[in-house]
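The structure under discussion appears below in the form of structure tokens.
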Amino acid sequence: QVQLVESGGGLVQPGGSLRLSCAASGAILRAWPMRWFRQAPGKEREFVAAINWISGERFYAESVKGRFTISRDNAKNMVYLQTNMLKPEDTAVYYCNTRRVDATGTTTSLEVWGQGTLVTVSS
């Protein structure tokens, strides 16, 4: 019953910015980690960023570190990816993702994916 829906993608020039949003529905709790992935045409899906509200830690792929910021608004059931200083190589479909945490606090292998939002960086 948990669903994720991304939005905010579009066409931007190199050096520009976009804020991607992921709306969550269903019983997603604070303990569930939220992640962003991306996939360019002809390439494998790759990790972009993650946020863990238990530890407060945020993780980023080396390719986006210092340019992208992941955040979460529990009151609105939203997770965001602020993308700055965009490069043509950032062009991809961006997906949000979460992993289910069970009643004992253990992170399971069950994942939920959104449908993706396309980011195109071009002059």
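In this structure, the side chain to side chain donor-acceptor pair (under 3.5 Å) partners of Asp102, at least two apart in sequence or on a different chain, are Thr104.
Summarising the geometry, atom CD belonging to Glu111 is positioned 4.5 Å from atom CG belonging to Asn97; distances are rounded to the nearest 0.5 Å. From Phe68, atom CZ reaches atom OG1 of Thr83 across 5.0 Å, with rounding to the nearest 0.5 Å.
The shortest non-hydrogen separation linking Asn84 to Ser17 is OD1-OG, 2.9 Å. For Ile70 against Val79, the heavy-atom pair with the smallest separation is CG1-CG2, 4.1 Å. Across all their heavy atoms, Arg99 and Ser109 have their closest contact at NH2-CA, 3.7 Å. In plain terms, the two heavy atoms of Pro33 and Val101 that are nearest each other are CD-CG2, 4.0 Å.
The cluster map of Ile, Leu, Val, Met, Phe, Trp and Tyr, joined by side-chain heavy atoms under 4.5 Å apart, puts Phe37 and Tyr60 in different clusters. Cluster annotation: Val93 is not connected to Val12 through the hydrophobic network of ILVMFWY side chains, with a link wherever side-chain heavy atoms come within less than 4.5 Å. Note on Val2 and Met34: same hydrophobic cluster, where clusters join Ile, Leu, Val, Met, Phe, Trp and Tyr whose side-chain heavy atoms are under 4.5 Å apart, directly or indirectly. Placement of Val48 and Trp32 within a single hydrophobic cluster is found when ILVMFWY residues are connected by side-chain heavy-atom separations under 4.5 Å, directly or transitively. Clustering ILVMFWY residues whenever any of their side-chain heavy atoms sit less than 4.5 angstrom apart, transitively, puts Val112 in the very cluster that holds Leu81.
Thr108 places a side-chain N or O within 3.5 Å of a backbone atom of Arg100 that can act as its donor or acceptor partner. Side-chain N or O atoms of Arg67 include one that pairs as donor or acceptor with a backbone N or O of Met85 at under 3.5 Å. Remark: the backbone N or O of Gly9 is paired with a side-chain donor or acceptor of Thr117 at under 3.5 angstrom. Judged purely by atom type and a 3.5 angstrom limit, Glu6 uses its side chain to pair as donor or acceptor with the backbone of Gln115. When atom types are taken as modelled, the side chain of Ser123 and the backbone of Gln13 share no donor-acceptor pair closer than 3.5 angstrom.
Ring-plane geometry between Tyr95 and Trp113 is classed as perpendicular, the angle between the planes exceeding 60 degrees on a 0 to 90 degree scale with a lower cut at 30.
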Item checked: Worked verdict on Glu46 versus Arg38 for side-chain contact (heavy atoms from CB on, under 4.5 Å) -> CA-CA 6 Å; Glu46 64 176 343; Arg38 67 185 182 186; 2.8 Å; yes

Notebook entry, point to check: What do the steps show when you test Ile51 against Arg35 for side-chain contact (heavy atoms from CB on, under 4.5 Å), and what is the final call?
Noted result: CA-CA 6 Å; Ile51 183 167; Arg35 300 176 175 88; over 6 Å; no

Next item on the list: Would you please test Cys22 and Trp36 for side-chain contact (heavy atoms from CB on, under 4.5 Å) and show each step?
Entry: CA-CA 9 Å; Cys22 177; Trp36 284 94; 3.8 Å; yes

Checklist line | Steps toward side-chain contact (heavy atoms from CB on, under 4.5 Å) verdict (Leu18, Gln82) | finding: CA-CA 6 Å; Leu18 285 173; Gln82 178 67 45; over 6 Å; no

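Within the hydrophobic cluster formed by Ile, Leu, Val, Met, Phe, Trp and Tyr side chains joined at under 4.5 Å, directly or through other members, Tyr80 is accompanied by Met78.
In Gln3, the CD atom is not crowded: 12 or fewer heavy atoms of neighbouring residues, nucleotides or ligands sit closer than 6.0 Å.
Proximity of Pro88 to Ser122: side-chain heavy atoms (C-beta onward) are nowhere separated by under 4.5 Å.
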